[in-house]
Enquirer: 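First the structure, then my questions, so here it is.
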There are 2 protein chains.
Amino acid sequence: MTIGGAGRGREGPATLTSLARELGVHVSTVSRALSSRPAGVSAATVEVVRRLAAERGYRSNLAARALRTGRSLAVGMLVPRLTDEVLATVYEGVDEAAIEAGYATLVAHTLDREDLRRQRLELLLARQVDGVVVADSLQDSHAVAQLEEAGVPYVLALRCLPGHLSVGTDDLAGGRLVAEHLLAQGHTRLGVVAGDTRASTGSERARGFLLACEEAGVQVREDVVVPCGFDVRSGAEAGARVLDADPELTAIFAASDNVALGVVGALRDRGRRVPDDVSLVGYNNLDMSAALPVPLTTVDSRLVDIGRAATQALLELVGGGTPVSRRLEPDLVVRSSTRPRSLSTTGRP
Amino acid sequence: MTIGGAGRGREGPATLTSLARELGVHVSTVSRALSSRPAGVSAATVEVVRRLAAERGYRSNLAARALRTGRSLAVGMLVPRLTDEVLATVYEGVDEAAIEAGYATLVAHTLDREDLRRQRLELLLARQVDGVVVADSLQDSHAVAQLEEAGVPYVLALRCLPGHLSVGTDDLAGGRLVAEHLLAQGHTRLGVVAGDTRASTGSERARGFLLACEEAGVQVREDVVVPCGFDVRSGAEAGARVLDADPELTAIFAASDNVALGVVGALRDRGRRVPDDVSLVGYNNLDMSAALPVPLTTVDSRLVDIGRAATQALLELVGGGTPVSRRLEPDLVVRSSTRPRSLSTTGRP
DNA sequence: CCTAGTAAAGCGAACGTTTGCGCTCCACGT
DNA sequence: ACGTGGAGCGCAAACGTTCGCTTTACTAGG
């Protein structure tokens, strides 16, 4: 019960005021001394203030700062779910960039449901996030309208919509890369499990692939281009349809690594093996893909970079700048799931 | 440029003060009327205040509230990474429970690095989170000490440590379930890819499995119990070691679905198939596992429930209660990757 | 020596909320 | 008729920061 005994170690956490009292200076001086670029305060004072702050374990009270400045130093991220490795990877980039800039990330997961999307976005706004990274579906751009109305800056990640600031990879180019790789290996009977073609990601990848095939004079039948979701199960189903439509094909492009995993199952059910009988290419280069039984050839869509770039653009916008949309270049990652046509149906090398 | 024109729709977002001004009552009255359980204010006033608040789209300023009450209405979650589906699933539960209680979740990912763990936890504390769910490794319980020192309530999720509030599943029982299942199917040559045995999760699962085997009089050689990480790659390596140690075994228990996926690869490399040649059981029941080429028999470790329960316990603690540690009961989920010994090496049913 | 100029530090208000306290007023019991 | 009590509401302080403005002190230039 020695309250206020020694005099220095009051009670509770250190605050600007407590530091000022202890040093016999005004609180505003302490505030300035502790700011990132001190102005109007001598170097000596800065030194002594910072020393004491460190000693007392001072931590700026973000709530007070937010109240005073009107900026929460937090960004929101709108996302269907984080159990999807694609989104989790983007989140990783978002959070990294946010932290580097002194921001925190608040995730709102919507499970792709419109009611939740509305509600969760509302929660973000109540926390006065300074901006929002939108990595959710854009079927109904209601969320975007809500953001516009609230006057909160936002940037689209992964998907893109004309007229909005967005960051993604060039999915058209990515689809091309895959086609060129398979064509170079001599494959001519090609199938596509196209992912969700209502999302720009899915449709662009398929389009790039088909465009490159057409240019090379290789025809791809319409019935071996099947859309689906972005999960394993729907990949398996769509893969089955593709294989049943043309049992002779020697290579398949799946618009996502998860989908590719499903296709592996469909192939297996039909007694066909990767890559011995059929070459398979995925998309996204998830961690999982390199570690699969048969390491997957895939396209690195630079998900972490997307997250980083989106957040950087967002923060530039928050700071009053005028960032521009960016389209990152994808990279082909060749692994064991693809093999030249000539080597197919032979034993292992 | 019609600033302050109409008189009602001032500028900027609605605040308690602006509502009070418009209604001609005191701001404290508005505050009380809007509180979850209004006291000291007439029902009529509550009604009229809430109506206007809704109309003006009033949102409580969380920063101001946090400053005043000293509670941020946010909980932190300490986690290695969210690209790990296990952790992402737990997070889902945490966030659900947090939102239900009016809280937000702040994720701090540590990548299993001690320096980051320290730094990210520091960031959480600077944001004055009211409590922290610790789902990170406990090798070095430095984070816990840091929390103790800061006086911030915490609860351990997934892993457990004697003397600390924790929520997890009964991994010992889970391991038993697996053993009983395989033994009931007549398997007697068993291997274990044990995951990270430095974590309670890994060691307990293996221990439960071996205990049940012992009780059934089935001996498991030491060299077919191999520890590893919790990722696909190390699962493949450890799986290879197990298989090389005893090529005759007919069933393998992998302490995680990801590890099981790695084991599938190791089996495949040796020309053995699941479940025709070898039965395989995983752990955690990830979404992925049901959708694999061969749907995986696994143990549902109720990850979402763990997240929910951990958060509920944490909030009870924050509210001054004295919650107790909980151990949830795991469930065996039988799918196609296990098959009675007698049916092995025969064709499909 | 006086004045202008500048750097350093103090002053105080403001951000939006919550909450203990005090005031007013009406209904009730004796 | 007079105190009692409680319901309803106003008052004002406080939470920890930031920042425009003012004051002080010191230096340099004429």
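What's counted below: heavy atoms across the whole structure, side chains too, no hydrogens, waters or symmetry copies. Just so we're on the same page: letters track the sequence lines, and every chain starts at 1. Source: prediction; values computed, not measured.
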Enquirer: Base, sugar-phosphate, or nothing for B:S31, non-hydrogen atoms under 4.0 angstrom?
Expert: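 It contacts base atoms.
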
Enquirer: Less than 3.5 Å apart, which donor and acceptor atoms pair up between the side chains of residues 73-85 of chain B and the rest of the protein, not counting sequence neighbours?
Expert:
from: B:T83; atom 1: OG1; to: A:E92; atom 2: OE2; distance (Å): 3.4
from: B:D84; atom 1: OD1; to: B:V86; atom 2: N; distance (Å): 2.9
from: B:E85; atom 1: OE2; to: B:D287; atom 2: N; distance (Å): 3.1

Enquirer: Between B:L67 (CG) and C:dA14 (C1'), how many Å, whole number?
Expert: 12 Å

Enquirer: For A:Q128 and C:dT17, what is the distance between atoms CD and C1' respectively, to the nearest whole Å?
Expert: 12 Å

Enquirer: Can you check the B:L16 CG to D:dC15 C1' distance for me, whole Å?
Expert: 15 Å

Enquirer: How long is the line joining CG of B:L34 and C1' of C:dG16, in whole Å?
Expert: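 That distance rounds to 13 Å.
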
Enquirer: Please state how far atom CG in B:N61 lies from atom P in D:dT17, giving the value in whole angstrom units.
Expert: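 Rounding to the nearest Å, CG of B:N61 and P of D:dT17 are 17 Å apart.
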
Enquirer: Could you tell me how the ring of B:Y91 sits relative to the ring of A:H109: parallel (under 30°), tilted (30 to 60°) or perpendicular (over 60°)?
Expert: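 Answer is perpendicular, since the angle exceeds 60°.
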
Enquirer: Just the rounded figure in Å: distance from C1' of D:dA14 to CZ of B:R71.
Expert: 18 Å

Enquirer: Give the rounded distance in Å between these two atoms: CZ of A:R65 and P of C:dT17.
Expert: 21 Å

Enquirer: Answer with base, sugar-phosphate or nothing: what part of the nucleic acid does B:T69 contact at a heavy-atom distance below 4.0 Å?
Expert: sugar-phosphate

Enquirer: Reading nucleotides 6-13 of chain D 5' to 3', which nucleotides get B (base under 4.0 Å from a protein heavy atom), which S (sugar-phosphate only), which -?
Expert: --SBBBBB

Enquirer: Hey, does B:E100 have a side-chain heavy atom less than 4.5 Å from the side chain of B:R308?
Expert: yes

Enquirer: Can you tell me if A:R302 has over 12 outside heavy atoms packed within less than 6.0 Å of its CZ?
Expert: yes

Enquirer: Return yes when atom CZ of B:R159 has more than 12 non-hydrogen atoms of other residues, nucleotides or ligands closer than 6.0 Å, and no otherwise.
Expert: yes

Enquirer: Calculate the interatomic distance between A:L19 atom CG and D:dT17 atom C1'; express it in whole Å.
Expert: 13 Å

Enquirer: Just to verify, what does B:R113 make a side chain to side chain donor-acceptor pair (under 3.5 Å) with, not counting sequence neighbours?
Expert: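 Partners of B:R113 by the side chain to side chain donor-acceptor pair (under 3.5 Å) criterion, ordered by chain and then number, come out as B:D115.
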
